[in-house]
Amino acid sequence: MSQDHDRIVSLQLTAQMSFLQIATHCVETAAKAFGLGKEESLKLSLATEEIFSYLGSHVCRGGILDIRCINRLSYVRVEFRFSVSTLNMGALNIAASVDCENEDDMAEMGLAIASRTINRLNIVAERQNCICLAIENDKHYPPAPKTYVVPIDVTGALMVETPDTEGVKQYVTRVAQGSPDPIRPIFFNYPGQVADMVAAGNCQVVTAVDAKGELAGGVLFRFLTTRIVEMFGPHVFQQDREGEIAGLLLDACIARTVRSKAIGLVSLTGMPSSVQSQFELLGLMNHYRHDGKTIAGQAFYRLLHEDPGCLVFTDTSLKDYLQREYSRLFLAREIREVRDQGEMKAGASIFATEVHREGSVAILRPLWPGVDYDANVKKHLLFLEEEVINSIFFNLDLGVSWHASLMAVLLANHFRPVLIIPFAGQADLLIFQYDRTEP
Amino acid sequence: MIEPNLDLLVPAYVREFEPYIPSKPDQELQKLYGCDHLYRLNNNENPLGPPPGAQEVIRRFPPPRGAVYPSGDSYYLRQEIAACHGIDPDQVLVGNGANEVIAFVIKAFCSQGDNIITADKTFAVYEWVAVFSGIEARVIPLKEERFDDEAMLEGIDAATKVIFLCNPNNPTGTYWSRDTLRAFLEEVGGKQIVVIDEAYYEFVEADDFPDGISLINDYPNLIVFRTFSKMYGIAGLRIGYLVGDLKVVDMIRRTCIVYSVNGIAQEAALACLRDETGHIRRTRELVREGKAFLCAEMAVMGLPVIVGEGNYLIVKLTGSDTLAYRKLMHEGIMIRPMTGFRYPNHIRVTMARMEAMEAFVAALKNILA
Ligand SMILES: Cc1ncc(COP(=O)(O)O)c(C=O)c1O
């Protein structure tokens, strides 16, 4: 997708406290220049302060730090790139400062604090020991007007088109004014935000219109990973033609993704029943609402190409589960069991924690192996409960052999495997969800 | 060790291109899907194999010749092809499959900023080669499963260099008649190169189907592709060719890779053209029987088909084609899911011997039950 609107400000400096203000000023100024409001810019700058001090004291003191501020139109992203020695790896866990023995006295530390002031925080290992820590803050947009829209009357043949900015906003407004849907992503409340997301190339929208230009429906889709496209909708605004409109939009979404890098299409937020037969049900994910209620959302999937098959790793605890799921989904997988055979393991593990404040969701991924899986999982759970994060997911890449050693640990800590997303990583992703109903 | 900076070294249009992942060898697939046999109904191969003369060439190829370079420009084969069509051998360029000559043409005519025009639901390689070469591919939707001549003409602009037609079309089997093609070429008026991919020419039985090569005299902007992979059953040897006007081919020759076509392929292809045992007739009979059988069976099952010329047909399923592919693989049947051709929920099936056709129908009934 297009990078045309990306604006980048970059800065390279040494991670030492005397440079702190250079970093925070740079981020704040860039954020403002990129259109973020005063308050959001300040929050990014505060998060930068925490991260910079933390990296400078605990992670890569005196080392080179690359900071990049990127304008993604609907949000600003700040990336911190640095090298880290294995000795200091453990400090990159967001829950590094949590002390399991002493729950009351949770020392407040860098990454945790930083994660609170912004919308998203994430961390990825780009190469050996080279880490990219990213924070993102969204721009503020006015919500879609609440005014009631007259029911549309779509007549005659329909066409699909790639809407212009006004068309995108009209589509999002219609979705927002439709029946309330607790699983629908929050950006559907903000037409201007989606318009910017489209302009920045972060997602695409296709709409169906009749000859008079009357809007019959739309679909939004974006790359969830480099190989998986996530689809939202199709949304249909004329119920008596639902099957036709949803089918048209789905075909258009497929036509626009099938000759890209995508290997599959997922839908995690619901779709009209008329197109469900074109998908396979992967499983159910629980969505915890702020009022404490849970809603089970169906996750659907569709491969876009022949399944080339692959090798996946498991430990004994989930071998049967995987066998069952793969045979239910007719996926060709060679399932290889990994066992602890006493080989040396060392060091502190790292989990990347992607925190989405607005949806109260955290997604954990193993970033680095270690000997302390159980303790590290417990620490993260403690931390996320403290932060009142409702939905906690843990994603394992079944193509990475060492991830399999986390399976038993996750099960013992009340995580349950909920679904497999084929090829969403090196091989398939196995998604665990923390089951809060367990003691 | 310093890693190369691939972001700087590799052009964006290459970095962003998703490489095509061909299916694994049959043995690996059988292991993965746990089936003890595999009917290959996915690649439009000829189940009868090459004509007997070509089989003999393959069997008799002297091993020491493996050390010797083949003719770098398929000298004798070009003479034979030229004789078949009454043209000059220099109007012929042979490639390592028709796929390779697609690349020759795009390299010869297109540079950055240019575009090619083709259809959305057709053989994908024209689009791929253009895209990973940094050339825009304009894909015009089919109209009633056929190449839409008017929309293609409307899609032309000053930067359009090549128009790729697939006649008959893979996968729909639809075709342009002699009149439609001539009218289109008149409209183009020599301003662009028009390529007609006739990979399935030898299967066509319709009377009004045009022989593209015979039109090159009248339309020197016309290039025709043929292949030995389909009717002649030597897909494994990789050989195909293009024919065009002398001056046009002289340009394309500059971008072609000499010595890319191996010696056995050249000799086997010669033997294919000299076949007098009725290979084409036998294959056409097999295709006719296969289509009649499948059309009847699909009608009973209530599944619509799209069928025309060529050794394949399309079946429309009620659910996902990529799921059907996996289920059929478990039954030892390999078909082509059509999502990649922008026909979601459709599968393409190659006509094969009756045993394979019956196995396909049985497996399909099984998975839809
Ligand atoms: C329309 C069309 N053109 C070209 C080819 C490629 O042929 P070759 O095997 O000669 O590269 C195929 C093969 O599937 C085809 O269907």
Side-chain angles (χ1 to χ4, degrees), chain A residues 1-4 126-128 130 159-160 201 223 226-229 247-265 274-282 300-312 323 326-335 422-423, chain B residues 1 3 7 12 15-25 28-35 42-43 118 120-121 124-128 130-132 137 139 141-142 317-331 334-347 367:
Chain A
M1 294 187 183
S2 136
Q3 294 283 304
D4 285 353
E126 294 191 322
R127 263 172 284 130
Q128 255 306 211
C130 179
M159 289 185 321
V160 288
F223 276 87
T226 46
R227 296 167 81 193
I228 297 293
V229 170
L248 205 61
L249 289 165
L250 175 61
D251 280 1
C253 170
I254 289 175
R256 283 165 171 73
T257 47
V258 76
R259 291 190 184 165
S260 69
K261 281 178 181 298
I263 181 163
L265 200 58
S274 57
V275 290
Q276 286 178 8
S277 68
Q278 301 190 34
F279 286 77
E280 298 155 53
L281 183 64
L282 288 179
F300 287 100
Y301 182 76
R302 172 190 216 300
L303 272 178
L304 295 171
H305 302 282
E306 286 93 332
D307 169 30
C310 66
L311 171 65
V312 294
Q323 255 157 3
Y326 283 132
S327 93
R328 179 181 73 84
L329 295 167
F330 291 91
L331 287 165
R333 298 293 181 266
E334 184 190 336
I335 303 178
F423 295 108
Chain B
M1 188 184 68
E3 286 181 32
D7 286 348
R15 260 185 282 128
E16 281 156 23
F17 187 78
E18 174 62 10
Y20 175 74
I21 304 170
S23 56
K24 293 197 168 83
E28 299 299 317
L29 290 172
Q30 286 182 23
K31 241 194 291 170
L32 268 171
Y33 285 95
C35 45
N42 64 326
N43 271 345
T118 181
D120 60 344
K121 294 164 176 171
V125 179
Y126 327 122
E127 186 182 336
W128 286 341
V131 171
F132 69 59
V139 292
L142 295 188
L317 305 177
T318 46
S320 160
D321 54 321
T322 52
L323 174 61
Y325 167 84
R326 274 140 52 210
K327 289 183 171 176
L328 287 169
M329 281 300 283
H330 282 283
E331 310 257 341
M334 180 152 56
I335 48 79
R336 176 75 68 200
M338 288 279 94
T339 297
F341 279 74
R342 302 192 175 100
Y343 268 116
N345 311 323
H346 292 67
I347 57 173
I367 69 161

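Chain letters run A, B, ... following the sequence lines, proteins first, then strands; residues in each count from 1.
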Checklist entry - Between B/K31, B/E127, B/E28, which shows the greatest number of heavy-atom pairs under 4.5 Å with chain A? => result B/E127
Checklist entry - Relative to chain A, which segment of B/A124 carries a heavy atom at a distance below 4.5 Å: side chain, backbone, both, or neither? => result both
Checklist outcome for this item: Applying a strict 4.5 Å limit to non-hydrogen atoms, the region of A/L303 in contact with chain B is both
Checklist entry - Are any non-hydrogen side-chain atoms of B/R326 and A/E280 less than 4.5 angstrom apart? => result yes
Next on the checklist: Counting C-beta onward and ignoring hydrogens, is there a side-chain heavy-atom pair between B/R342 and A/V258 closer than 4.5 Å?
Outcome noted: yes
Checklist entry - So A/R302 and B/D321, salt bridge (charged side-chain N to carboxylate O under 4.0 Å, His left out) or not? Walk me through it. => result CA-CA 9 Å; A/R302 172 190 216 300; B/D321 54 321; 2.9 Å; yes
Next on the checklist: When you compare the side chain of B/T322 with that of A/L304, does any pair of heavy atoms fall below 4.5 Å?
Outcome noted: no
Checklist entry - By a 4.5 Å heavy-atom criterion (distance strictly below it), what part of B/F17 contacts chain A: side chain, backbone, both, or neither? => result backbone
Item to check | Contacting moiety of B/D120, where chain A heavy atoms sit under 4.5 Å | outcome: backbone
Checklist entry - Given the options A/T226, A/D307, A/I263, A/L331, which has more heavy-atom pairs under 4.5 Å with chain B than any of the others? => result A/D307
Checklist entry - Minimum heavy-atom separation for A/E306 to B/P337, with atom names? => result OE2-CD, 3.4 Å
Next on the checklist: What's the separation between atom OH in A/Y301 and atom OG in B/S320, rounded to the nearest 0.5 Å?
Outcome noted: 10.0 Å
Checklist outcome for this item: Residues passing the ring-ring contact (aromatic ring centres under 6.0 Å, His included) test with B/H330, sequence neighbours excluded, are A/F330, B/Y33
Checklist entry - Among B/R336, B/M329, B/K327, which residue forms the greatest number of heavy-atom pairs with chain A at distances under 4.5 Å? => result B/K327
Checklist entry - What part of A/S277 is in contact with chain B, defined as an atom under 4.5 angstrom from a non-hydrogen atom: side chain, backbone, both or neither? => result both
Checklist entry - Is there side-chain contact between A/L250 and B/P344, with heavy atoms separated by less than 4.5 Å? => result no
